[in-house]
Amino acid sequence: LETRALIQTQTEAFRPGPPALSGSAMAKQYDVLFRLLLIGDSGVGKTCLLCRFTDNEFHSSHISTIGVDFKMKTIEVDGIKVRIQIWDTAGQERYQTITKQYYRRAQGIFLVYDISSERSYQHIMKWVSDVDEYAPEGVQKILIGNKADEEQKRQVGREQGQQLAREYGMDFYETSACTNLNIKESFTRLTELVLQAHKKELEGLRTRANHELALAELEEDEGKPEGPANSSKTCWC
Ligand SMILES: Nc1nc2c(ncn2[C@@H]2O[C@H](COP(=O)(O)OP(=O)(O)OP(=O)(O)O)[C@@H](O)[C@H]2O)c(=O)[nH]1
C-alpha cells in the first residue's frame with residue numbers, strides 16, 4: 001500500500017444544496033448537475049470504480065486517497081443530460097473528519113464493500129449510520145459489493161449483499177472495476193434514483209421561467225469556493 005500526496009486535477013468548488021439546473025451556455029452541455037459520493041473502507045476499490053467509470057481505466061496498485069477527490073462525467077438518462085460530480089472519499093479512519101463534511105452535499109451515495117473482505121461488509125452498518133447522521137434526508141443510496149472478479153477469495157456471498165441491501169431499502173450491485181462489471185449500470189441507476197427523487201425540481205426545466213430561475217441558482221452554486229478547501233486527493237488514473 002502506497003500513500004502519496006495528490007495532485008488535484010480539477011479545482012471547481014461547490015456549495016451544498018439541491019441539484020443545480022443549468023441554463024445559458026451550460027445548457028448546451030448538460031441539463032442538471034448532481035453530486036454523488038463514494039464511501040466505504042479503505043481498499044474496497046472506490047477510486048478504481050470512479051476511474052473505470054469516468055476514464056475506463058484500472059490500476060492494480062493501491063494508492064490511498066487522501067481526504068477527498070472528485071471527477072466529473074456527463075451521461076444522458078431519460079433524455080436528460082446529467083452532469084455528475086462524483087466525490088471519492090478516503091476510507092482511512094484518520095480522514096473521517098474531513099470526509100464527513102462532504103456528506104451533506106450529496107444527492108446520491110454509493111456504499112462500497114469488497115466481496116473478498118468480510119470486515120468491509122460488516123462495516124457497511126457503520127457507514128450507513130454515518131450517512132444517517134451527516135447526509136441530507138432523502139439522499140439516495142446504493143450498496144456495491146466490489147471485486148466480483150475475485151471469486152476464489154470471496155468471503156461475502158451475493159445473497160448476503162442482497163439481504164443487507166433489502167434491510168436498508170437499497171438497490172444492490174456486485175461490481176468489478178477490474179473487469180468493468182456493472183460499473184455503468186450502477187452509476188446510471190444511482191443517477192436515475194436521484195432524478196426520480198428530484199422530479200419536481202426537474203419539471204422546471206420544461207418552462208422558460210423556471211429555467212432562468214434555475215440558472216441563477218447554478219451561478220451562485222458554481223462561483224464560490226467554500227470552507228475547508230478540497231483536501232488534496234490521490235488519483236493516478
Ligand atoms: N481484483 C480487483 N481488484 C480491485 C478492484 N477494484 C479495486 N481493486 C484493487 O483494490 C486496491 C484498492 O483500490 P482503491 O480503488 O485504491 O481503493 P479505495 O477504496 O479507493 O481505497 P482508499 O483510497 O484507501 O479508501 C487496488 O490495488 C485496486 O487495484 C476490482 O474490482 N477487482
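Just follow the structure's listing: the first ligand is 1, and inside any ligand the first atom is 1. Residues: numbered from 1 along the sequence shown.
- To the nearest 0.5 Å, atoms CG (Leu49) and CD1 (Ile183) are separated by 5.0 Å.
- Each of the following atoms of ligand 1 lies closer than 4.0 Å to a heavy atom of His59: 28 (C), 29 (O).
- Close N/O approach between Gly40 and ligand 1 is not found [any backbone or side-chain N/O within under 3.5 Å].
- Evaluated for a side chain to side chain contact (heavy atoms under 4.5 Å, CB included) with Ile84, the options Leu33, Ile75, Thr188, Val32 yield exactly one hit, Ile75.
- Looking at Glu118 and Val156, their side chains come closer than 4.5 Å, going by heavy atoms from C-beta outward.
- Proximity to Asp149 (heavy-atom distance under 4.0 Å) selects the following atoms of ligand 1: 1 (N), 2 (C), 30 (C), 31 (O), 32 (N).
- Between the side chain of Gln85 and the backbone N or O of Met72 there is no donor-acceptor pair closer than 3.5 Å.
- A heavy-atom separation below 4.0 Å is found between Asp41 and ligand 1.
- With ligand atoms numbered from 1 in the order given, ligand 1 contributes 15 (O), 17 (O), 18 (P), 19 (O), 20 (O), 21 (O), 22 (P), 25 (O) to contacts under 4.0 Å with heavy atoms of Lys46.
- Cation-pi geometry between Lys73 and Phe53 is satisfied (NZ or CZ under 6.0 Å from the ring centre, within 45° of the ring normal).
- There is no side-chain donor-acceptor pair under 3.5 Å between Gln122 and Arg119.
- Backbone and side-chain nitrogen or oxygen atoms of Phe58 are examined, and none is located within less than 3.5 angstrom of a nitrogen or oxygen of ligand 1.
- When the options His62, Glu174, Lys147, Glu150 are ranked by their closest heavy atom to atom 9 (C) of ligand 1, first place goes to Lys147.
- Heavy atoms of Ala148 found under 4.0 angstrom from ligand 1: none, in either backbone or side chain.
- In summary, the atoms of ligand 1 found under 4.0 Å from a heavy atom of Thr47, numbered by their order in the structure, are 15 (O), 20 (O).
- Between Ala90 and ligand 1, no pair of N/O atoms sits closer than 3.5 Å.
- Ligand 1 places these atoms under 4.0 Å from at least one heavy atom of Ser61: 26 (C), 27 (O).
- Heavy-atom proximity to Ser64, at under 4.0 Å, picks out these atoms of ligand 1: 23 (O), 24 (O).
- When only modelled atom types and interatomic distance are considered, Thr47 and Asp88 share a side-chain donor-acceptor pair under 3.5 Å.
- A 4.5 Å side-chain heavy-atom check between Ile39 and Asp130 finds every atom pair outside the cut-off.
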